[in-house]
Amino acid sequence: MIEKAILFGRFHSLVGILTEPDAPIAGRPVVVLSNAGLIHRIGPNRIYVKLARALAGQGFTVLRFDISGVGDSLPRPDHMAVENFIIDDVQQALEYLAAETGTQSFILGGHCAGAYHSIRTAAQDPRVRGVVMINPDGGEADWREYDKRRKLAQYYENYYGKKTLADPQRWKRFLTFRVNYRKIFQNIFQNVIWSRAAGLWFRVRRRFEHHAPTQADEMLFTVESILRKLPEIPARALMVYSENSTSLERVQSGMGKEMKQLHAAGKLDLAVIAGADHIFSPVSTQADLFETITGWIEKNYSN
């Protein structure tokens, strides 16, 4: 395996690390990993580094790079809007790799925001044959409000439930009138009962309401809107989520049976990593993540 730093792009301002196998296998697509938000090209908990080396061990060339203004890459000198220049940065990476390796076939991947930018690029560039999305995040305003309420409800459920039951001192204060009962019952009603009821109503409404396409949908600014375009583009996709991910629930509730239809058509696969948090902090979950991704890429792009 060989790793080398590269400087590329229209403005010679993009910095990346190219990981190449000792014996590259002809015909295999090159993998490109995009920043997880504002995190340097190593990825959260260095998962990009480890994934790139695992894929190089299977004969794939991998580029992990910083988009403009992140990590070691300089800000762009032009004034292109951020939602456009990130896609342009990824396409500049593809141009560089095409010139260096001769390939016209790519797999894009990333965590969180990097997943979103990868699938958006795939919707615009026919050279992208595969997309690996790790915990793609996002959502409209009403979903973010619902998610905030749900997390608040979970906090108070734990605070007044598990923590109280396991703490004799809290029981003692409660039973000897040394707590603010009004505040406790207010919190339970507002932040647990009411939030749970509002969340249930939101999920029911979201499942049965059919909204007309929004401008965001038409411009492919949501993960769901792009997934619905998969039958029209060459790429297939793998979505990998942490266990109990709220983002997975958002996509499933928004798309319903459409996800199963995409899977049946061979365009979309879904994997859930047990015990993982959003950034795959436990090392054991990282191993499961890498096995899932490398297995999917090997299965679909080894020829």
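We're numbering straight along the sequence, starting at 1. On a predicted model such as this, the values are computed, not experimentally measured, just so you know.
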Of all heavy-atom pairs between [X] and [Y], which one has the smallest distance, and what is that distance?
X	Y	answer
Leu51	Thr294	CD1-CG2, 4.2 Å
Leu227	Leu262	O-CD1, 3.5 Å
Ala235	Val131	CB-CG2, 4.4 Å
Glu243	Gly275	OE1-N, 2.7 Å
Ser281	Gln286	O-NE2, 3.7 Å
Val70	Ile39	CG1-O, 4.1 Å

Joint cluster assignment, [X] & [Y], ILVMFWY side-chain distance < 4.5 Å:
X	Y	answer
Leu108	Val223	yes
Ile134	Val272	no
Phe11	Val82	no
Val62	Phe290	yes
Met133	Val251	yes

Flag side-chain contact, heavy atom, 4.5 Å: [X] against [Y]:
X	Y	value
Asn135	Tyr241	yes
Val32	Leu97	yes
Ile6	Tyr96	yes
Gln252	Glu258	no
Glu100	Leu18	no
Ile87	Gln92	no
Tyr116	Pro136	no
Pro29	Arg129	no

Begin from the C-alpha positions of Lys4 and Ile17 and carry the test side chain to side chain contact (heavy atoms under 4.5 Å, CB included) through to its verdict. CA-CA 6 Å; Lys4 59 184 179 183; Ile17 300 294; over 6 Å; no

Within the distance-only criterion (no hydrogens, no angle test), does the side chain of [X] pair as donor or acceptor with the backbone N or O of [Y] below 3.5 angstrom?
X	Y	result
Asp66	Asp72	yes
Asp269	Trp296	no
Lys267	Ala237	no
Ser73	Gly69	no
Asp125	Arg127	yes
Ser118	Gly109	yes
Tyr48	Phe65	no
Asp277	Phe280	yes

Start with the C-alpha distance between Arg41 and Asn35, add both sets of side-chain angles, then the distance that settles side chain to side chain donor-acceptor pair (under 3.5 Å), and finish with yes or no. CA-CA 6 Å; Arg41 61 182 175 271; Asn35 294 95; over 6 Å; no

Which value, rounded to the nearest 0.5 Å, describes the distance between [X] atom [atom1] and [Y] atom [atom2]?
X	Y	atom1	atom2	value
Ile42	Ile47	CD1	CD1	10.0 Å
Ser225	Ile119	OG	CD1	9.5 Å
Arg236	His263	CZ	NE2	11.5 Å
Thr61	Ile107	OG1	CD1	11.0 Å
Phe8	Ser13	CZ	OG	8.5 Å
Ser247	His278	OG	NE2	6.5 Å

Kindly indicate, with the supporting measurements, whether the criterion side chain to side chain contact (heavy atoms under 4.5 Å, CB included) is fulfilled by Val240 and Ile273. CA-CA 7 Å; Val240 186; Ile273 306 300; 3.7 Å; yes

Run the salt-bridge test on Arg28 and Glu298 with the 4.0 Å N-O cut-off and return the result as yes or no. yes

Ion pair Glu83/Arg120, N-O distance below 4.0 Å: no

Please say whether more than 12 non-hydrogen atoms of neighbouring residues, nucleotides or ligands are located less than 6.0 Å from CD in Glu3. yes

Answer yes or no: are there more than 12 heavy-atom neighbours, outside Leu7 itself, under 6.0 Å from its atom CG? yes

From CA spacing to verdict: side chain to side chain contact (heavy atoms under 4.5 Å, CB included), Asp88, Asn84: CA-CA 6 Å; Asp88 185 62; Asn84 295 325; over 6 Å; no

Ring center gap for Tyr301 and Phe60 short of 6.0 angstrom: no

Given salt bridge (charged side-chain N to carboxylate O under 4.0 Å, His left out), test Arg10 with Glu95 step by step and report yes or no. CA-CA 10 Å; Arg10 189 178 307 118; Glu95 293 296 335; over 6 Å; no

Evaluate the side chain to side chain contact (heavy atoms under 4.5 Å, CB included) criterion for residues Leu63 and Val31: first the C-alpha distance (whole Å), next the side-chain angles of each, then the deciding distance (0.1 Å), finally the verdict. CA-CA 6 Å; Leu63 170 66; Val31 180; over 6 Å; no

Excluding sequence neighbours, so at least two apart, what forms salt bridge (charged side-chain N to carboxylate O under 4.0 Å, His left out) with Asp78? Arg76

